[in-house]
Amino acid sequence: MSEHISDTIAAIATPPGEGGIAVIRVSGDDAIPIVNQVFSRDIMHVESHSVHYGKIIHPADHSTVDEVLLTVMRAPRSFTTENTVEVSCHGGIVSVRHVLQLILEAGARIAEPGEFTKRAFLGGRIDLTQAEAVMDLIRSKSDRSFHVAMKQSEGMLSNQVRLIRQELLETMAHIEVNIDYPEHDVEALTNAFIREKCELAQDKVRALLAKADQGKILREGIVTAIVGRPNVGKSSLLNELLQENRAIVTDIAGTTRDVIEEYVQVNGVPLKLLDTAGIRETSDLVEQIGVERSRIAVNDADLILFVLNYNEALHEDELELMDQLKDRRVIVIVNKIDLDKKLETDRLELLFGAEQVIYMSITEQEGCKHLEDAIANLFFEGKLEGQDMTYVSNVRHIHLLKQADHALQEALDGAASMMPIDMIQIDIHLAWEHLGEVIGDAVSESLLDQIFSQFCLGK
Amino acid sequence: MSYEAGQFDVIVIGAGHAGCEAALAAARMGCETLLVTINLDMVAFMPCNPSIGGPAKGHVVREIDALGGEMGRNIDKTYIQMRMLNTGKGPAVHALRAQADKFLYQHTMKETIEKTPHLTLRQGLVDEIIVEDGVCKGVITKTGATYMGKTVVLTTGTYLRGKVIMGELMYESGPNNQQPAVKLSESLKKHGLDLVRFKTGTPPRVQKETIDFSKTEIQPGDDHPKFFSFETKEGLPQEQLPCWLTYTSEDTHQIINNNLHRAPMFTGQIEGTGPRYCPSIEDKIVRFADKPKHQIFLEPEGRNTSEYYVQGLSTSLPEEVQLKILQSIPGMENVKMMRTGYAIEYDAIVPTQLWPSLETKVVSNLFTAGQINGTSGYEEAAGQGVMAGINAARKVQNKEPVVLDRSEGYIGVLIDDLVTKGTNEPYRLLTSRAEYRLLLRHDNADIRLTPTGYAIGLIDEERYQRFVKKQELVQLEMVRLGETKVKPEPRVQEILRHAGTVELNNGSDMLSLLRRPELTYAILEPLSPSPYELDDEMKEQVEIQVKYAGYIEKQLAHVERLKKMDKKKIPQDIDYSLIHSLANEAKQKLEMIRPISIGQASRISGVTPADISILLVYLEHYNRVTAAKGQ
């Protein structure tokens with residue numbers, strides 16, 4: 001067996017958003033001590049293949065994060081052949097992420113795509129004939145995550161991170177020039193200058209983290225509203241989406257407004273459906289609050305599914321909605337095409353674009369595939385940006401931002417204790433790298449480019 | 001018309017800074033070595049600035065010395081000024097820089113070469129390399145001499161199809177009007193090496209007696225000079241010579257702007273790629289138009305010469321414009337120009353065609369070092385030279401090549417960058433190219449590399465024992481400091497107060513005190529003088545290792561990971577096209593670079609972490625299948 005690199009990795013092992021129970025798998029030399037740090041009981045010496053009930057405890061304030069079951073498997077009797085702990089969390093999507101966050105802070109790193117399988121193979125756990133399949137798995141998983149990363153790299157978070165990085169890069173170039181061209185007549189660097197720059201960067205990183213802590217961002221997904229007049233088929237559409245795609249039931253604290261949210265994945269795109277309760281109610285009651293409710297939902301949404309009846313002419317309420325929706329990301333769903341045409345579809349196509357108008361008959365199961373494709377296209381072409389996803393949208397990002405924050409703090413501490421600039425530079429560089437990982441860019445050649453474009457050097 | 005002129009183990013072509021180190025290393029390792037060069041008067045010649053060292057470059061000279069090379073010893077014997085730069089910064093970036101007596105430097109190096117056993121120095125212009133079945137067998141000179149060699153090291157500098165450019169004037173030439181090597185380029189191409197065209201330049205030289213130094217600022221050397229070689233204990237008896245600082249004037253910029261139409265850089269006459277970090281004065285004035293003045297350092301070229309090097313004024317403008325520019329600079333109103341500045345274009349090979357041992361992939365037993373590999377600088381050349389010499393000799397001796405990794409030295413960084421990433425401009429070392437800058441210090445080059453130099457056979461037993469002793473004493477002293485308690489008594493508090501740090505409440509040990517930023521070994525020494533015989537270097541070592549332990553450990557943790565990746569070797573018969581899951585870009589790059597380890601593979605641009613994972617799985621599969629076949 002080849003000696004391989006086995007730092008400890010962790011990831012959510014169950015597919016995202018599937019069901020109420022999620023498993024976090026932790027594997028590597030230090031899997032057991034790392035989980036032990038955040039668990040209410042001592043598992044350091046427990047037997048292999050034993051299950052333990054207990055609580056995940058926040059090491060800072062000792063609060064309980066979740067009640068869990070731990071399964072401890074010692075090397076080599078595990079899937080990866082390494083020490084492995086599996087944490088079964090019961091508290092829904094938010095607490096799973098929180099638990100993973102704590103495990104990362106305790107010293108694990110997030111697993112690369114396909115890494116558990118890779119380790120299983122390198123450990124001799126998987127048959128030689130499967131090598132090809134393992135390699136394909138790594139490829140496809142990483143391509144998929146690359147896709148998502150690319151998509152995110154267009155968002156607000158990326159722009160802000162890029163800005164912070166560029167400022168850090170300029171500071172770094174300044175420091176490097178002082179080091180590599182000591183006799184050059186560039187502005188000498190003071191410790192105060194470096195502190196000011198680091199504080200500025202740290203403030204910005206912390207602002208991003210603060211947004212993450214509001215909890216909002218943990219609820220990942222494209223915020224989607226289904227709107228339309230009563231009886232156009234909103235609830236049929238909702239049921240169709242929930243049936244066809246796996247629904248995610250959540251009980252997120254702080255969402256006990258009258259708007260209830262549900263999650264679905266459509267062609268791999270996570271949607272957060274707003275006001276599902278409202279839709280259900282209005283399907284039972286014939287009332288006039290439909291439009292008012294819709295208006296509230298529309299304001300919060302990234303994506304609006306606007307449902308109309310093929311069999312009815314445009315209603316005054318719908319005209320009002322159209323006006324409200326004209327600059328928004330909208331998919332128009334013309335339902336009940338099995339009935340006679342009375343709707344002025346030309347006007348809809350003119351206003352929203354023909355390709356955004358989907359003709360369906362939900363009860364006849366017609367056109368559903370078109371809708372799903374339309375949603376996926378919007379997402380993968382980058383036209384759709386979830387509010388949440390533009391911010392710090394996942395555990396990995398939060399973790400990297402925290403590491404960047406920490407590195408900047410070390411830089412500041414170094415500056416405060418009058419460490420030489422090349423030492424402080426180590427931490428600034430580290431912060432810059434962590435931020436680079438957030439946006440998938442860590443090429444250090446750009447530092448040299450920066451130096452030579454910012455300063456006039458030469459013999 | 002050719003004749004058999006001799007058989008050697010190692011043949012080195014070119015006696016510049018790379019060639020001298022390569023030839024000396026090979027000969028000292030016991031190989032019969034030939035050093036053949038166009039003009040014996042140009043051995044170890046400095047065609048550009050008369051100085052050695054500075055950040056990263058000075059570190060390389062220390063590394064060469066720690067490995068048993070010559071550059072450090074040679075400059076210690078021939079300097080006219082020594083200066084430690086960056087002393088206000090951390091110990092990792094302290095950088096020694098010497099002004100050389102460039103004539104003495106050459107003569108001293110030539111003498112060393114002439115007196116080295118197993119080493120033959122011969123004047124000659126090599127036209128061809130002899131290659132049979134992809135293996136280099138020797139060289140043929142212009143005069144018909146055929147030298148057979150088991151290995152050949154090419155260090156051609158800027159001589160390969162060299163072309164000098166000054167304004168509209170252009171002619172075939174090596175540096176300083178030397179004969180260029182024209183035919184050799186063809187021979188290299190014929191045997192499958194890809195060439196690129198690079199460019200560099202040098203400023204004019206002026207006569208000392210015509211400079212008005214009163215209008216310039218003096219730049220003296222250090223009062224207590226340090227040295228490049230770990231073996232040099234005493235400085236030269238002569239007084240050091242200063243350099244002088246002046247600036248370009250508004251007139252200078254005006255003259256240059258008026259003559260841009262005659263600047264080869266802008267007229268398209270120059271096809272070679274020049275270095276960004278070493279632009280000509282015309283380039284600087286165009287690119288940084290709002291900078292009102294640029295620094296100009298005047299540096300003596302030696303003790304027995306009037307020639308001064310005008311640092312900062314590298315140019316390829318026409319001769320008469322150069323003179324006008326010079327005379328527009330304060331202090332040089334009446335200056336006489338002795339040599340004209342020029343740009344020079346030359347052929348280099350694409351360095352990704354090399355193994356990390358510096359042997360070419362297409363022609364085995366052929367090694368290259370220095371500017372031919374796309375670098376710039378004497379130190380960069382010498383660093384590669386010593387490695388190429390070592391590995392050419394080891395190939396003759398049937399031994400594995402020695403490859404320094406990125407945590408062991410700037411030489412490792414330099415070579416890894418060249419062979420893994422390539423370069424699209426003349427490559428210069430900068431400390432910022434090193435990930436582990438704090439570990440690659442001027443002071444610890446011996447700790448990093450002297451054991452390697454000893455193992456190779458370039459460091460003799462006596463020197464090695466001195467080195468071992470030094471390390472022992474440093475360790476003992478650190479242990480002692482940890483065990484030595486200090487009480488808050490008046491004489492202690494007095495010293496602390498005087499140094500501007502807080503006084504003791506309770507007892508402390510010496511180690512903890514030394515960690516305080518305000519305190520140094522020298523300040524604390526009177527509290528508890530060491531029972532060991534420590535010299536200044538050892539005390540410095542103790543201080544650095546204690547003071548920066550936190551930062552050093554941080555970098556060491558990273559190095560651990562690097563070493564693991566570098567240890568995972570990739571067999572050379574792997575066919576990357578068979579690994580379907582690799583991305584196409586990765587396949588092409590891996591096929592071209594043929595990395596020797598997973599570590600090197602991971603540093604190729606365009607190879608992603610997913611590709612590395614796939615490669616690891618493939619290797620595991622490959623190894624298991626190979627093992628199964630073997631049974």
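Any value given below was found using the heavy atoms of this structure, including those in side chains, with hydrogens, waters and symmetry copies removed. Each chain gets a letter, A, B and so on, in the order its sequence line appears, and its residues count up from 1. Predicted model, so just to flag it, every value in this text is computed and none were measured.
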Quick one: of Glu435(B), Lys554(B), Arg516(B), Lys547(B), who has the most non-hydrogen atom pairs under 4.5 Å with chain A? Lys554(B)
Donor-acceptor pair, side chain of Lys89(B) and main chain of Asn178(A), under 3.5 angstrom: yes
Of all of Leu615(B), Ile614(B), Leu619(B), Ile281(B), which one pairs up most often with chain A through heavy atoms under 4.5 Å apart? Ile614(B)
Where do Leu430(B) and Tyr181(A) land on the side chain to side chain contact (heavy atoms under 4.5 Å, CB included) test, with the steps shown first? CA-CA 9 Å; Leu430(B) 296 160; Tyr181(A) 293 87; 4.0 Å; yes
If every non-hydrogen atom of Pro55(B) is compared with every non-hydrogen atom of Pro182(A), which pair is closest and at what distance? CG-CD, 3.7 Å
Between CG on residue Asp180(A) and CG on residue Leu85(B), distance to nearest 0.5 Å: 11.0 Å
One option among Ser432(B), Ala92(B), Gly54(B), Ala610(B) has the most heavy-atom pairs under 4.5 Å with chain A, and it is Ser432(B)
Given Glu518(B) and Met418(A), is the side chain to side chain contact (heavy atoms under 4.5 Å, CB included) satisfied, shown in steps? CA-CA 9 Å; Glu518(B) 301 87 355; Met418(A) 299 313 285; over 6 Å; no
Any side-chain heavy atom of Met135(A) sitting closer than 4.5 Å to one from His580(B)? no
Toward chain A, the part of Tyr247(B) with a non-hydrogen atom under 4.5 Å: side chain
For Ile296(B), which atoms come within 4.5 Å of any heavy atom of chain A: side chain, backbone, both, or neither? neither
What part of Ile126(A) gets closer than 4.5 Å to chain B, counting heavy atoms only: side chain, backbone, both or neither? backbone
Which portion of Ile179(A) sits near chain B, non-hydrogen atoms under 4.5 angstrom: both
Would you mind checking which part of Arg83(B) comes under 4.5 Å of any heavy atom in chain A, side chain (CB onward), backbone (N, CA, C, O), both or neither? side chain
Quick check: do Ser613(B) and Glu112(A) have side-chain heavy atoms less than 4.5 Å from each other? yes
Considering only heavy atoms from C-beta outward, does the side chain of Val134(A) approach that of Tyr618(B) to under 4.5 Å? no
Does any backbone or side-chain atom of Met172(A) lie under 4.5 Å from a heavy atom of chain B? Answer side chain, backbone, both or neither. neither
Side chain, backbone, both or neither: which part of Ala95(B) has an atom under 4.5 Å from a heavy atom of chain A? neither
Using the six-membered ring of Phe121(A), assess whether NZ or CZ of Arg624(B) lies under 6.0 Å from its centre and within 45 degrees of the ring axis. yes
Which value, rounded to the nearest 0.5 Å, describes the distance between Lys118(A) atom NZ and Leu616(B) atom CG? 5.0 Å
Can you confirm whether Gln409(A) is buried at CD, in the sense that more than 12 heavy atoms of other residues, nucleotides or ligands lie under 6.0 Å from that atom? yes
Identify the heavy atoms of Ser581(B) and Asp136(A) that sit nearest to each other, and give their distance. OG-OD1, 2.6 Å
Euclidean distance, Leu122(A) CG relative to His621(B) NE2, rounded to 0.5 Å: 12.5 Å
Restricting to non-hydrogen atoms, name the atom on Gly90(B) and the atom on Asp422(A) that form the minimum distance, rounded to 0.1 Å. N-OD1, 2.7 Å
Report the C-alpha distance between Asp611(B) and Arg139(A) in whole Å, list the side-chain angles of each, state the deciding distance to 0.1 Å, and finish with yes or no for side chain to side chain contact (heavy atoms under 4.5 Å, CB included). CA-CA 8 Å; Asp611(B) 294 319; Arg139(A) 175 90 272 147; 2.7 Å; yes
Does Tyr548(B) reach the side chain of Pro420(A), with side-chain heavy atoms less than 4.5 Å apart? yes
Is Arg433(B) salt-bridged to Glu176(A), cutoff N-O under 4.0 Å? no
What part of Ser605(B) is in contact with chain A, defined as an atom under 4.5 angstrom from a non-hydrogen atom: side chain, backbone, both or neither? neither
Side chain Gln295(B), main chain Glu183(A), donor-acceptor under 3.5 Å: yes
